[in-house]
Amino acid sequence: VPLARASEYAAALTAAIAGSTLNTPIRVRHLMAQLAWESGGFRALVENLNYKNPEVLDKTFKSVQGIDHAKRLIEAGPVAIGNLVYANKLGYGSVDSGDGYRYRGRGFIMTTGRSNYGGVARYSTIDVVGNPDLLGLAQHAGSRGRVHRSPHRVPHDRRPDGVRQLLRADQPVLSPP
């Protein structure tokens, strides 16, 4: 990651962590590991749907129905891929709604789905539902992590299965204080 981008990301992550329950070194390490994984080593804040290999596309998404279907989707482009693979899930509309591509993975944690974008908007007061591209900007990319975690859960680093649970996609790593 270039130094300028690393500095921008560090500022965004510092702001996201401030006031959260990330108050121990192990929690911060877990967060950084999860974010590094989700963002491809901090190389991307927007999901890349520019597939070139039909075999990879077919294996990655259950909604792709074989190699020939994958080839047609690749030819149609990233918008068609996003709209198909995310249709009717996580608050997405149908294939024709355009929600799949519109609410593709963004941010350090790669938030997907209209409903998850709505959670980010409610918590952060940033209108990422009306303007999803905002979540792909470094200054807003850490907003997702503070959403949806119950204050009644045992902190991940205090459970025997803490690392495994922390790295599950349905377990956000930041939460409100």
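Surrounding NZ of K89 are more than 12 heavy atoms belonging to other residues, nucleotides or ligands, all under 6.0 Å away.
A pairwise comparison of heavy atoms in L13 and L35 identifies CD2-CD1, 3.4 Å as the closest pair. Contact record, L134 with V128: CB-CG1, 4.2 Å, taken as the closest heavy-atom pair. Shortest non-hydrogen contact noted between G91 and S115 is N-OG, 3.9 Å. Contact between A87 and S94 at its shortest, heavy atoms only, is CB-C, 4.0 Å.
Of the N and O atoms on the side chains of E47 and Y103, not one donor lies less than 3.5 Å from an acceptor on the other residue. Between R106 and Y117, the side chains place a donor N or O and an acceptor N or O closer than 3.5 Å (distance only, hydrogens not considered).
For Y9, the ring pair (Phe, Tyr, Trp, His ring centres under 6.0 Å) partners are F108, not counting sequence neighbours. N48 is linked by a side-chain hydrogen bond (donor to acceptor under 3.5 Å, both in side chains) to N50, counting only residues two or more places apart in sequence or in another chain.
Hydrophobic cluster membership differs between L31 and W37, with clusters built from Ile, Leu, Val, Met, Phe, Trp and Tyr side chains linked at under 4.5 angstrom.
Here E38 contributes atom CD and T111 contributes atom OG1; the two are 9.0 Å apart, rounded to the nearest 0.5 Å.
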* Under the side chain to side chain contact (heavy atoms under 4.5 Å, CB included) criterion, do Y51 and L73 qualify, and how do the steps go? -> CA-CA 9 Å; Y51 284 85; L73 284 169; over 6 Å; no
